[in-house]
Amino acid sequence: MQSNADQLHRYLFEQRNCRGELVQLHSTYARIIEGHNYPPVIAQLLGEALSATCLLTATIKFEGEITLQIQGSGPLSLLVINGRNDQTMRGIARVQSHVGSDMTFKQLIGQGQMVITIAPDKGERYQGVVELSEDTFSACLEQYFYRSEQLATSLKLFADVESQQCGGILIQALPKQDNDDEDFSHLQVLANTLKAEELYELPAEQVLHRLFHEENVTLYPHQDVTFHCSCSRERSMNALISMGKAEVSQLFSEQEQVDIHCQYCNTHHVFSAEDFDELFGLTNKKIH
């Protein structure tokens with residue numbers, strides 16, 4: 001197991017008009033798939049999508065979040081990864097029919113689309129939609145980058161369900177200068193030689209040295225990646241209060257407890273009939 005798991009690294013090629021990112025994840029990925037019993041191919045795609053969202057989130061220059069959402073007509077009906085600029089992540093997948101162990105990306109999705117929503121804490125949201133017409137998830141993301149930013153981008157994504165490790169590497173051309181295409185193609189070829197075991201087992205500095213030892217690379221300070229879910233008992237209480245006293249009273253008349261289950265972190269927030277008066281005694285108080 002690598003010693004510097006769950007970190008995002010940004011780097012710049014000083015003599016070529018390109019930049020890059022490398023992400024290595026273990027505990028964040030393990031937490032996202034924990035307790036869900038996803039079929040292995042779904043858990044693998046979640047790992048790839050988690051890695052990609054880390055790489056995407058690293059590109060935003062403001063406080064806010066990115067949500068990567070896959071919607072499909074195949075066995076995988078929905079996959080969502082949500083990440084903030086501080087690299088706090090959460091994610092979930094929903095399966096609507098049998099998943100074969102050897103299903104390809106296109107077989108899992110069927111007819112589908114990828115929606116990427118960029119939401120600053122202050123300011124307007126931006127949403128990009130890409131049809132999932134490519135054979136691989138990474139190729140669909142490369143298409144998104146090219147359409148949204150008009151910049152050549154290469155992604156290589158990895159996920160190993162058994163060891164609960166995932167990660168990826170991104171190479172992106174910067175705004176046009178002479179020899180850009182040649183520089184990008186050269187670095188893309190080098191990045192594509194990255195092997196999963198190198199990404200999982202070696203520190204980022206060693207990985208980059210192996211790949212780009214003939215290049216002049218500036219590596220910036222890393223950013224830690226963590227799992228974080230925003231659910232809480234207080235938020236669940238607010239959700240019940242928003243339903244109204246009559247509807248909640250009806251719920252408690254039909255069952256002894258109301259269980260609000262967070263699908264992201266698998267936490268159950270349970271309220272009993274005895275909580276009823278407390279719930280509506282709080283309606284005039286602001287709960288965060």
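In what follows, every heavy atom counts, from backbone to side chain, and hydrogens, waters and symmetry copies are set aside.
The backbone N or O of L174 sits less than 3.5 Å from a side-chain atom of N17, completing a donor-acceptor pair. Not a single donor-acceptor pair under 3.5 Å links the side chain of H228 to the backbone N or O of R90. Side chain of Q107 to backbone of T104: a donor-acceptor contact under 3.5 angstrom is found.
The side-chain heavy atoms of M114 and L141, taken from C-beta on, include a pair separated by under 4.5 Å. A 4.5 Å side-chain heavy-atom check between Q164 and I33 finds at least one atom pair inside the cut-off. Side-chain contact between V207 and F212 is absent, with no heavy atoms from C-beta onward closer than 4.5 Å. Residues L211 and I169 form a side-chain contact, since some pair of their non-hydrogen atoms from C-beta on lies under 4.5 Å apart.
Applying the side chain to side chain donor-acceptor pair (under 3.5 Å) criterion to T28, with sequence neighbours excluded, gives D6. Take T226 and apply the side chain to side chain contact (heavy atoms under 4.5 Å, CB included) test, not counting sequence neighbours, and it matches T88. With sequence neighbours excluded, no residue forms a side chain to side chain contact (heavy atoms under 4.5 Å, CB included) with D102. In this view, Q223 and L8, R10, Q87 satisfy the side chain to side chain contact (heavy atoms under 4.5 Å, CB included) rule, not counting sequence neighbours. With sequence neighbours excluded, the residues forming a ring pair (Phe, Tyr, Trp, His ring centres under 6.0 Å) with H36 are Y38, listed by chain and number. Not counting sequence neighbours, the partners of R16 by the side chain to side chain contact (heavy atoms under 4.5 Å, CB included) test are F13, D183, H186, L187, E215. Applying the side chain to side chain donor-acceptor pair (under 3.5 Å) rule to Q143 yields the partners E134; only residues at least two apart in sequence or on another chain are considered.
No donor-acceptor contact under 3.5 angstrom links the side chains of E131 and S133, judged on distance only. Using modelled atom types and a 3.5 Å distance limit, the side chains of E142 and T153 yield no donor-acceptor pair. Side chain to side chain, Q7 and Q24 fail the donor-acceptor criterion of an N or O pair below 3.5 Å.
Summarising the geometry, atom CZ belonging to R84 is positioned 11.0 Å from atom CD1 belonging to I66; distances are rounded to the nearest 0.5 Å. Distance CD/Q71 to CG/L132: 9.0 Å, rounded to 0.5 Å. Of the inter-residue distances, the one linking S148 atom OG with L56 atom CG reads 8.5 Å to the nearest 0.5 angstrom. For the atom pair CD of E197 and OG of S163, the computed distance is 11.0 Å after rounding to the nearest 0.5 Å. The structure places CD1 of I42 at 13.0 Å from CG of N37, a figure rounded to the nearest 0.5 Å. Between the CE atom in M103 and the NE2 atom in H98 there is a gap of 6.0 Å [rounded to 0.5 Å].
The minimum heavy-atom distance between P39 and V95, with the atom names listed, is CD-CG2, 4.5 Å.
Applying the under-4.5 Å side-chain rule to Ile, Leu, Val, Met, Phe, Trp and Tyr, the cluster around V115 extends to V129. Through direct or indirect side-chain contacts shorter than 4.5 Å among Ile, Leu, Val, Met, Phe, Trp and Tyr, L151 is connected to no other residue.
Among residues at least two apart or in separate chains, there is no ring pair (Phe, Tyr, Trp, His ring centres under 6.0 Å) pair with a member in residues 107-163.
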Using residues 189-196 as the side-chain source, report each donor-acceptor pair under 3.5 Å to any protein atom, sequence neighbours left out, with the distance given to one decimal.
residue	atom	partner	partner atom	Å
N192	ND2	Q188	O	3.3
T193	OG1	L190	O	2.6

In residues 72-81, what donor-acceptor pairs under 3.5 Å come from side-chain atoms, sequence neighbours left out?
residue	atom	partner	partner atom	Å
S73	OG	Q111	N	2.8
S73	OG	Q111	O	3.3
S77	OG	R94	O	3.2

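Within 6.0 Å of CG on N216 lie more than 12 heavy atoms contributed by other residues, nucleotides or ligands.
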Might you work through the side-chain contact (heavy atoms from CB on, under 4.5 Å) test for F227 and I32, ending with a clear yes or no?
-> CA-CA 7 Å; F227 173 87; I32 282 177; 3.6 Å; yes
Stepwise side-chain contact (heavy atoms from CB on, under 4.5 Å) check, M89 with C54 | CA-CA 8 Å; M89 300 283 157; C54 289; 3.7 Å; yes
Give the C-alpha distance, both sets of side-chain angles, the deciding distance and a yes or no for side-chain contact (heavy atoms from CB on, under 4.5 Å) between T117 and Q69.
-> CA-CA 8 Å; T117 305; Q69 184 172 8; 5.9 Å; no
